[in-house]
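As a basis for the values below, the full set of heavy atoms in this structure was taken, side chains included, without hydrogen atoms, waters or symmetry mates. Order of the sequence lines fixes the chain letters, A, B, ..., with proteins taken first and strands second; residue numbering starts at 1 for each chain.
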Amino acid sequence: MVTVFTGQAGADLDQDTRLAIYRSMIEIRTFERRAHDLFLEGLVKGTTHLAMGQEAVAVGFAAAMRPDDLTFCTYRGHHHTLARGASMAATMAELLGRATGLCGGKGGSMHLTDVRHGLMGSYAIVGAHLPIAAGAAWAAQFRGTGQVVACFFGDGATNIGAFHEALNLAVVWKLPVVFVCENNLYMEYTPIQAVTAVEHPAADRASAYGLEGIVVDGNDADEVYAVARLTLGRARAGQGPSLVEAKTYRHGGHSRADPGTYRPQEEVEAWLARDPIPRYRERLLALGVEEAQLRAIEEEAQVKVERAVEEARAAPFPDPGAVETNLWADGGSAWRN
Amino acid sequence: MVTVFTGQAGADLDQDTRLAIYRSMIEIRTFERRAHDLFLEGLVKGTTHLAMGQEAVAVGFAAAMRPDDLTFCTYRGHHHTLARGASMAATMAELLGRATGLCGGKGGSMHLTDVRHGLMGSYAIVGAHLPIAAGAAWAAQFRGTGQVVACFFGDGATNIGAFHEALNLAVVWKLPVVFVCENNLYMEYTPIQAVTAVEHPAADRASAYGLEGIVVDGNDADEVYAVARLTLGRARAGQGPSLVEAKTYRHGGHSRADPGTYRPQEEVEAWLARDPIPRYRERLLALGVEEAQLRAIEEEAQVKVERAVEEARAAPFPDPGAVETNLWADGGSAWRN
Amino acid sequence: MAELTYREAVARAIVQEMERDPTVVFIGEDVAAAGGVFKTTAGLLERFGPDRVRDTPISEQAIVGAVMGAAMNGLRPIAEIMFSDFFAVCWDLVANQIAKTRYMTDGQVSLPLVIRSANGGGVRFGAQHSQSVEGWAMAIPGLKVVCPSTPRDVIGLFAAAVRDPDPVIFLEHKALYPTKEDVPDGEIVDALGTARVVRPGRDLTVVALAAMVPKALQAADRLEAEVGASAEVIDVRSLVPLDTRTILESVRRTSRLATVEESPRLCGWGAEVASIVAEEAFFDLDGPIVRVTTPHVPLPAADALEDAAIPSVDRIVARLQEALKD
Amino acid sequence: MAELTYREAVARAIVQEMERDPTVVFIGEDVAAAGGVFKTTAGLLERFGPDRVRDTPISEQAIVGAVMGAAMNGLRPIAEIMFSDFFAVCWDLVANQIAKTRYMTDGQVSLPLVIRSANGGGVRFGAQHSQSVEGWAMAIPGLKVVCPSTPRDVIGLFAAAVRDPDPVIFLEHKALYPTKEDVPDGEIVDALGTARVVRPGRDLTVVALAAMVPKALQAADRLEAEVGASAEVIDVRSLVPLDTRTILESVRRTSRLATVEESPRLCGWGAEVASIVAEEAFFDLDGPIVRVTTPHVPLPAADALEDAAIPSVDRIVARLQEALKD
Ligand SMILES: Cc1ncc(C[n+]2csc(CCOP(=O)(O)OP(=O)(O)O)c2C)c(N)n1
Ligand SMILES: Cc1ncc(C[n+]2csc(CCOP(=O)(O)OP(=O)(O)O)c2C)c(N)n1
Ligand SMILES: [Mg+2]
Ligand SMILES: [Mg+2]
C-alpha cells in the first residue's frame, strides 16, 4: 500500500522561500550545463553524472533542512552539494581536478564532500551510504543534537543488500533519518522495472520495515518541500525514519559517456514537459512574482556560475606530493616507521 | 498481509507417507541426541547446532520433494541432511572428523553436503546460500530439468542483505525455488523480535517482492508437507518462487556451547508441549496406527543410530595429506608449477 | 589476422566460448540490452538471446550467488562484476563460498565459472572505481586469478578460464580497453598458469602484470639506452596458478629481480613473488629485490594526482637502477 | 597484579575505554544481553546500559556502516564482527568506505572507530569460521591492523586503538581466549606500530603474529636445544603501522629471517615483510628468507586435518633450519 503524497503544494511556503528554491534550482541547472561543456572541452576527466531534471528533489529537501542536518548522497550529487550551500567554485574545481577543489582533487565528481555544509559525502558504491547515514543518525540520537539525516539514493539501490539492512536497523533503533529514493526510472541503461519485483522500488518495500510507503512528485519542488517538512519533522520529533520515493527523471544519459538512446523518445519528451524548473517558474508567475525578478535571478545565476568556472579554471593543479597526504589524521600516509 | 497456512493437515496423505515421516523424524531426533552425548564425551570437536524440535520442517519438505530436487540449508542442517537420505554413518563420521565422513572431515558439522542426495550444502555464513539456491534454480529452469530448489534458513537471516537480493532476483526471473524460513524465535541468543522491524521476519517481507506472505505451523509435519506440496508444485509448474515462514522452536541452545538460559521457562515449556514428534505420534494413533508399529519404528531408529555411531567411531581419522587434496578439480591444491 | 582492441577481444572471447558450449551463460548489470558499460559485451544479447545473456538488478551478491548455484547444477556461467571494486559487496560469495565449496565438500561440488571484471586505474574514476584487486583474490585459496595484458591474451586466457573446471577471477584492465594488436582469426585457446617472457634480457628480471607490462617494457628500453643494462621483462599473466618456474629460471640467469605492481604496496602479488625468490633463488641473487608499486594510498581522482600515484615509466626506470646496485 | 585470560582482557579493555570516554559506544550481534558468543563482553550492558552497548540484527553491513556514520558525527564507536570471516559480508563498508573516506575527502572526515573480531583457527570451526584475515585488511590503504598475542597486549593495544583518530581493525585470536598471564592493575595504554622482541637471539630472526608467537617461542627453544642455534623472536603485534625498524635492526644483527604466519601462503603479511627485508637488508642477509604458513588451502574442520594445516612447532623447527642454510 502506497500513499501518493500531495501536500497541497506547500501551502505554508512564503515567497522568499519559493524564490530561494527557484534560485537554487536555476543555479544547479546552470552549473551542470557548464560542467557538461567543460567535459566536451576535455577539461573534466574521468566521468560525471548529471542530475539535470532532478533538481527539485535536492532543493526541496535542502530548503526544509536545518543547517546542522546531514546529507548523504551518491555519485550523482552535484545538485545536493550545491543545494546544501557548498562553494560553487570549489565544487567546479573538484570536477576539474584542482587543488582548490572541495576535496583537493582527491575525490572528483563522484565524491563531492563538504562537511562544513553538512554534506557528509557522495558515495559511488550503490547502497553503501544508507547504513552510514543510519549511523550518523544514531550518533545524533545518542548525543541529542536534534540533527536529522537525509539520505538520497537511486531506484537501482533498492535492490542491493545494504538498503535492506539499513532500513531495518533504522526502524528498530527509531533513528532520525529520512531515506529518499530518487526514482528516475533507470539504473545505468537498464529500466528499474526490468529487474525489480514490485512497481515502486522503494515505496513498495516500506511495509517490509513497518513503514508507510510514500510516493511524491519529485519534479515539483513544493511537493518535495512539503514531504521533507513532514518526514524531517517526524524524525526530529523522535518518531523515527521515513522512506520517500520521489518520481523524477534525468534529462541526459547516466553518465558523461552515455547518450541515453535506450529511452523511448516519447518518454523523454513527456518528462521534459514536466521539467521542474519551467514548472516552478510558471507557478511563481501565477503567484504574482514579476517576470523581471525571475530574469534577474537567472542572470545572476549565469554570472555566479561563470565566476565559479573562471575561478576553478585559474586554480592550480594539486602538488604531486598531495598523493601521500591525508590518509591518516596526522596528515600523512606512513604505514611504517 | 500474511496468510496463516492450514492445508487441513495434508488430507491427501496416505498412511505409508505418514509412517515414513514419523520414522524420519524419530531417526533425526535419536541421531541428534546421540550426537549431543558424543560432544559431552568430547568426541565431536568444534561446535554443532542441533535442530531438535525443528524436525517437522525438514521432514515435511523432504517427503514432498522429488529425488532430484535440491536442498540448501544452514549450519543447523543435521535434520535436512538426514531427511533427504544421506547416510547416517557418514553424517556421524563427519561430525567425528573421520575420513569416512560425508566430506572426508573437511566440512564438519556446519558444512554437511551430500550431492548424491540433492544436498547441495550446509552454509555457515548467514544468508549466503539464498542467492546460491536461486542460481541452482536458474540452472534448473534454463536446462528444463523440472527440479525445484528448497532453501532453508533461520529467522535471523531475514535481516541480512543477501536475503533481499536473492528474493528479488528469484521473483524477477520467476525461478523454481522455495525459500523456507525456520523461525525458531531466536538468532543465537537474541530474540528476533528485538532486532526486526516487523512481526513476521519472513512473511511480512514477502510483499516487498510481490509474494504472498505464508506462515505455517512448523511443528506440524502434515501442515509443512501440505505447504511444501503447494509451493514446490507452483515452482515446478513455472509459477515462480514462494517464501514460507515456518514457526518452530529449538529445544536446546543455539549451539553446543549454549545452555539457552536466556529463554523464559514458560516459553520453553509451551513449545516442548508442542514437540512435533509426540504430536505426530498421537495423530498416527488417532488415525488407527498400532502402538506396536510405532514402537517398532522407534526401536529400529535406535538400532540404526547405534550402528551408525559404531561405524563412525570405528572409522579412521583422515590422512594428514588430505589437507592438500580437492581444492581443485584435479584433486590437488597446487598454486604453482 | 585482424586488428582488434582489448575491448573487442572480450566480446570475441565470450562469443567463441558461447558458440562452442551451449551451457555457457552470461549475466551482469547492463551487459545485455546495453552491451556493457565498457561496451565489451555489445551484440551478445542479439546473438545468443535473453536466456543466455541476462541483465541483472544491482545485486552483486545475487549475481555471484546465481553463477555459483548455476555452476553447481550443470551450467558454465560467466558473471560480470562491472568494476572490480564491487567485489567488496559480494566478497563473501566469492571468498567464503565459491572459493571454499569444493574443498569443504571434499570434491563433491564443482564450480566451473568465471567472474570477469574491469580492474585497475588510470582513467580518473577515483578511489572506488580504480582499484587493483588481483591481490584480494590471490590471497584466497580456491580462486584462480588471471590478468591479461593484450587483446590476444584476453581471448586465449578467457577461453582457458571458461574451460577450466574451477572458479576463475578474470580481471580485465580498464585502461587497456582501447589498446590494439593484430590477432589471428579462428579459435584461440591459451593455458592458465603460464607467464611469458616479453623481452629477453641478461642483467635484471622485471616481473609485471596487466597495464604495468607495457610500462615495464618502455622502462626496460630506456634502461638499456640510458645505462646499458639489459632487463628481461616477464608478463605474469596468471597469478594463480603462478608460473614460478619461468620467474625463477629467469632470476637464476639475471641474478636480480624487480616487480612492477599497480596495486598499493602492502601484500601485493609482487611481495609473494619476492618472498619466493628470496627463498628459492637466494644464492643466485646479486642485489636487492625491488618492488615498484602505487604508494599505500587509495587512488585519487585528479589526473595530476593519479599520474603521480600509479608507477610511471620514470619511476620504474629509477627503481630498476636500485635493483642493479651491488 | 591479577591473572587474566585473553578473553577477560577484552572486556577489561572495553570497560577501561568506555569509563574514560562517554562517547565510546559498542555494538554487535549478541554482545549486550548475552555478553558475546565468546563471552568477551559479559557485563558491559549491565555496566553501561543499552544506549552504549547494543545488540544488532544479523546485518554486518548495517553494523559497520553504523559505526562509520557514528564516527563521522561525534562518537568513538566500537563494532564487533563476531568472526573475522564475516568481514567478507561487509567488506565494501570496511575496504571501500571506512578505509578511503578520509583520503577521498582530503581530510574532512575523521573516522575514530575500532572494529574488533575473533580471528584465526585451531578450534575446529571449519573453513568459514577460522580464517586469518589480517592480510585482507593490511592490503587496504587506510586501515590500521592490530593482532595482540597476550592478555596484556589486548588491553594496551585496544586502548591505543580506541584512542587512535583513524579506523583500526582489531583482531583477537580465538584460540588465545583461554590463555592467561598476570596483568598489572590500573590503566594500560600501549602504542600501535610497535613490535616486541619476545626472545633475544643471535643467529636468526623469527617474526610471528598472534597465535603463532607462542609456537615460534617453543620452536626457538627447541632449535636452541636441538641444533644450538639462537633465534630472536619478534611479536609483530601491529601490521599497520608496521614496526620495520625493529625487524630490520634484528635482521641486520642475525643476518637471517623467517616468518611464521597462520594465514594461507599467498600474499600473507610475511610476504610483505620478506620483500622489505629482501630490499633493505639484502646485503646483510646470509641465507634464504623462509616463510612458514598454512598451505594455500581453506582450513578443514576435522582436528586431525586442522592440526596438519596450521604451522606446528615441528614444522616451524624444520623450516627454521632451512633458514640457517649457507
Ligand atoms: C555496488 C555497485 N554496483 C554497481 C555499480 C555501478 N553503477 C553505478 S551507478 C549505477 C546505476 C545506479 O542506478 P540508480 O540507483 O537508479 O541511480 P541513478 O544513477 O539513476 O541516480 C550502477 C549500476 C556501483 N557503483 N556500485
Ligand atoms: C553473516 C553472519 N553473521 C553472523 C553469523 C554468526 N551466527 C551464526 S548462527 C547465527 C544466528 C542465526 O540465527 P537464525 O538465522 O535465526 O538461525 P538459527 O540459528 O536460529 O537456526 C549467527 C548470528 C554468521 N554465521 N554469519
Ligand atoms: Mg535511477
Ligand atoms: Mg533462529
Side-chain angles (χ1 to χ4, degrees), chain B residues 70 72 101-108 110-116 119-121 123-125 127-143 145 147 149 161-162 164-170 172-173 175 177 318 322 325-331 333-337, chain C residues 23 25 27 51-52 54 56-75 77 89-90 92-93 96-113 138 141-142 144 164-166 193-195 239-247 272 276:
Chain B
L70 303 178
F72 290 76
L102 284 175
C103 304
K106 283 178 175 158
M110 293 204 283
H111 297 293
L112 299 173
T113 304
D114 186 354
V115 169
R116 279 158 314 131
L119 272 157
M120 305 310 286
Y123 295 78
I125 309 266
H129 61 306
L130 279 75
I132 302 167
W138 168 41
Q141 179 190 62
F142 180 90
R143 294 169 54 223
T145 61
Q147 295 163 295
V149 175
H164 181 63
E165 296 191 15
L167 266 290
N168 183 66
L169 188 78
V172 171
W173 287 4
L175 299 176
V177 54
T325 65
N326 286 328
L327 181 66
W328 307 129
D330 67 9
S333 61
W335 52 270
R336 61 180 289 183
N337 56 7
Chain C
T23 68
V25 293
I27 65 172
D51 282 354
R52 292 183 68 190
R54 287 194 168 191
T56 67
I58 305 173
S59 308
E60 280 76 8
Q61 294 188 76
I63 292 168
V64 173
V67 293
M68 176 177 175
M72 286 180 158
N73 195 20
L75 299 185
V89 297
C90 53
D92 177 61
L93 273 302
N96 288 340
Q97 312 303 333
I98 287 174
K100 294 174 172 51
T101 293
R102 166 176 284 279
Y103 187 81
M104 288 195 299
T105 63
D106 205 25
Q108 290 183 70
V109 173
S110 286
L111 296 173
L113 62 87
M138 186 178 182
K144 296 180 178 178
D164 195 272
D166 296 310
T194 55
L239 293 173
V240 181
L242 183 66
D243 184 357
T244 52
R245 198 179 296 146
T246 297
I247 296 167
E272 185 60 44
I276 293 165

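Here the side chain of C:Q97 pairs no donor or acceptor atom with the backbone of B:A128 at under 3.5 angstrom. In terms of modelled atom types and a separation under 3.5 Å, the side chain of B:N337 and the main chain of C:R245 share a donor-acceptor contact.
Top candidate by heavy-atom pairs under 4.5 Å with chain B, chosen from C:D243, C:I276, C:L93, is C:D243. Here C:V25 is the residue among C:T23, C:T101, C:V109, C:V25 with the most heavy-atom pairs under 4.5 Å with chain B. Among C:N73, C:I63, C:T56, the residue with the largest count of heavy-atom pairs under 4.5 Å with chain B is C:N73. With chain C as partner, the option from B:H129, B:Q141, B:Q147, B:H164 having the largest number of non-hydrogen pairs under 4.5 angstrom is B:Q147. Note on C:S110, C:P141, C:G193, C:G107: by heavy-atom pairs under 4.5 Å with chain B, the leading option is C:G107.
Atoms OH and CG, on B:Y123 and C:N96 in that order, are 12.5 Å from each other to the nearest 0.5 Å. In this structure, the separation between SG on B:C103 and CE on C:M104 is 8.5 Å, given to the nearest 0.5 Å. Taken from OG1 in C:T105 to CG in B:D114, the straight-line distance is 10.5 Å, to the nearest 0.5 Å.
With a threshold of 4.5 angstrom between heavy atoms, B:N168 approaches chain C through side-chain atoms but not through N, CA, C or O. Contact of C:A99 with chain B is made through the backbone alone, with heavy-atom distances under 4.5 Å. For C:K144, the parts sitting under 4.5 Å from any heavy atom of chain B are the backbone and the side chain alike. For a residue to count as touching a neighbouring chain, one of its non-hydrogen atoms must lie under 4.5 Å from one of that chain's; by this rule B:L130 does not touch chain C. In this structure, the portion of B:A322 lying under 4.5 Å from any heavy atom of chain C is its backbone and not its side chain. Both the backbone and the side chain of B:T325 come within contact range of chain C, with heavy atoms under 4.5 Å apart.
Residues passing the side chain to side chain contact (heavy atoms under 4.5 Å, CB included) test with B:N326, sequence neighbours excluded: B:K106, C:D106. When the side chain to side chain contact (heavy atoms under 4.5 Å, CB included) test is applied to B:A162, the partners found at least two apart in sequence or on another chain are B:P131, C:Q61.
For the pair B:L102 and C:Q108, the tightest heavy-atom approach, listed with the atom from each and the gap, is O-NE2, 3.1 Å. Nearest approach of C:I27 to B:W173, heavy atoms of both residues: CG2-CH2, 3.8 Å. The nearest pair of heavy atoms linking B:I132 to C:M68 is CD1-SD, 3.5 Å. Considering every non-hydrogen atom in both B:W328 and C:D166, the closest pair reads CB-OD2, 3.3 Å. Of all non-hydrogen atoms in C:M72 and B:M120, the two that sit nearest each other are CE-O, 3.7 Å. Across all non-hydrogen atoms, the minimal contact from B:W138 to C:A66 is CE3-O, 3.8 Å.
For B:R116, the CZ atom counts as loosely surrounded, since its 6.0 Å shell holds 12 or fewer non-hydrogen atoms of other residues, nucleotides or ligands.
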